[in-house]
2 protein chains.
Amino acid sequence: MYKEILKHVTSKIELTEDEQLEFIGILSEQRIAKRQFLIEPGQTVDCEYYVVKGCLKAYYLDEGGNKHIIQFAVEDWWISDFEAFFGNLPAQLYVEAIEDSVLLGINRDTLETLYKRISKFERFFRIKTTNAFVALRGRILSSLQKSNKERYLEFCQTYPEIEKRVPNYHIANYLGIKPESLSRLRKEMF
Amino acid sequence: MYKEILKHVTSKIELTEDEQLEFIGILSEQRIAKRQFLIEPGQTVDCEYYVVKGCLKAYYLDEGGNKHIIQFAVEDWWISDFEAFFGNLPAQLYVEAIEDSVLLGINRDTLETLYKRISKFERFFRIKTTNAFVALRGRILSSLQKSNKERYLEFCQTYPEIEKRVPNYHIANYLGIKPESLSRLRKEMF
DNA sequence: AGCCACAACTAACATATATCAAGTAATTCC
DNA sequence: GGAATTACTTGATATATGTTAGTTGTGGCT
């Protein structure tokens with residue numbers, strides 16, 4: 001259960017046996033069935049979640065009630081309403097399981113106290129956020145400067161796992177295009 | 001000269017007089033004239049820069065030689081080729097002054113040693129990156145889910161300073177649309 | 001003043017995506 | 001296994017943005 005996340009963390013910082021145990025100690029396992037919500041708008045978001053197993057999506061509904069998918073997550077990814085989590089604000093997003101999933105939650109306050117005891121963890125989460133920042137930056141560039149066909153191709157190459165496991169209309173939504181348009185792009189491509 | 005950046009840092013973490021002096025000690029002032037480059041592709045990027053005064057843009061040239069603006073920066077912002085800076089990779093971006101500018105550079109290695117002496121700074125930069133991450137996330141949402149007209153309006157509201165100081169064709173480029181299209185949108189808006 | 005370079009605007013046409021409507025294929029559920 | 005639901009595809013038309021080309025406006029320079 002904890003093997004994956006320990007590998008994930010120790011790829012960035014070295015941890016003694018004791019530190020590993022201490023880290024595991026602050027994780028809370030959470031299981032969630034397909035179509036169930038991990039987070040709903042208005043809730044307080046105390047945790048960010050590491051995905052051990054499964055597949056989830058984060059989205060919000062706009063004024064017109066249209067769904068907008070912001071993020072998918074599968075094994076070895078993190079998910080939450082990060083804006084709410086970091087800012088200690090009420091959630092604006094739904095986080096919903098696309099498949100039955102197993103998660104490890106980290107509580108913000110518990111994490112803060114861990115930072116104070118072992119500052120290496122502050123380092124880990126700084127590095128993790130920095131990497132996420134760089135990845136997001138790449139997504140912006142691609143969203144602004146590439147055609148939808150290129151972006152879909154890029155999506156398939158970057159997230160082959162997700163492309164296989166998630167229905168096309170979800171992917172279209174994530175890319176910000178209509179399912180009909182995605183269908184046409186796919187037709188032109190193969 | 002250091003007043004602004006100290007205010008900027010101490011808004012997130014508390015610093016003693018000594019710590020403030022130590023922080024100032026690692027900053028290197030850099031002045032750069034309009035149309036000069038702070039960073040050019042291929043260079044190693046050892047610093048990220050706090051803008052004390054002036055206005056800059058970060059962009060790259062694609063395979064076809066087309067310019068793509070990624071970021072503007074004015075007073076109290078940070079700029080660099082962050083991907084190169086964080087990853088210790090050769091620069092891919094140009095960072096060019098749009099106006100005569102005054103910057104404070106922080107060297108990555110010097111910063112790392114500062115982290116080890118005073119871990120509060122690791123905290124500051126984690127928070128700063130986290131905030132940047134959340135802001136970028138907002139930009140993605142707006143780039144994917146809003147019309148160009150809405151995005152231009154949002155840009156004007158979010159960065160009124162930049163809208164005033166930067167020519168329209170730069171803003172069009174940043175928004176990922178053609179100057180002609182921006183001109184049409186402006187005509188429809190007013 | 002007059003010229004030049006550059007930025008912004010306008011118009012006509014081309015292309016891409018959205019929208020609306022229908023039909024087909026695949027899943028889910030009893 | 002069959003009905004109902006959900007996902008995907010296709011076609012006709014509307015809308016938005018890109019493309020190309022030409023015009024206007026502005027500021028700097030001699």
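Protein chains get the first letters and strands the later ones, always in sequence-line order, with residue 1 at the start of each.
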K.L.:
Heavy atoms only: give me the nearest A:Asp81-A:Ala91 pair and the separation to one decimal.
P.N.:
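Smallest heavy-atom distance, with atoms named: OD2-CA, 3.4 Å.
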
K.L.:
Decide, yes or no, whether a salt bridge links A:Arg139 with A:Glu154 under the criterion of side-chain N to carboxylate O below 4.0 Å.
P.N.:
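The answer is no: the pair does not qualify as a salt bridge.
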
K.L.:
Please report the distance, rounded to the nearest Å, between CG in B:Leu175 and C1' in D:dA16.
P.N.:
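It is 15 Å, rounded to the nearest whole Å.
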
K.L.:
State, to 0.1 Å, how close A:Ser101 and A:Gly54 come at their nearest heavy-atom pair, and which atoms those are.
P.N.:
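A:Ser101 and A:Gly54 have their closest heavy atoms at OG-CA, 3.4 Å.
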
K.L.:
Taking the six-membered ring where the residue is Trp, are the ring centres of A:Phe85 and A:Trp78 under 6.0 Å apart?
P.N.:
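They do not qualify: ring centres at least 6.0 Å apart.
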
K.L.:
Rounded to the nearest 0.5 Å, what separation is found between the OH atom of B:Tyr2 and the CD atom of B:Glu29?
P.N.:
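So the OH of B:Tyr2 and the CD of B:Glu29 are separated by 6.0 Å.
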
K.L.:
How bent is the helix from C:dA1-D:dT30 to C:dC30-D:dG1, comparing axes over its five end pairs at each side, to the nearest 10°?
P.N.:
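Angle reported: 40°, given to the nearest ten degrees.
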
K.L.:
Looking at CG of B:Asp76 and NZ of B:Lys53, how far apart are the two atoms once the value is rounded to the nearest 0.5 Å?
P.N.:
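Spacing of CG (B:Asp76) from NZ (B:Lys53) equals 12.5 Å.
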
K.L.:
Can you give me the closest heavy-atom contact between A:Glu4 and A:Val52, atom names plus distance?
P.N.:
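Of all heavy-atom pairs spanning A:Glu4 and A:Val52, the closest is OE1-CG1, 4.1 Å.
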
K.L.:
Which nucleotides of nucleotides 4-19 of chain C have their base under 4.0 Å from a protein heavy atom (B), which only their sugar-phosphate (S), and which neither (-), written as one string 5' to 3'?
P.N.:
---SSBBSB----SSB

K.L.:
What pair of heavy atoms forms the shortest contact from A:Gly42 to A:Pro90, and how long is it?
P.N.:
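It is O-CB, 3.8 Å.
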
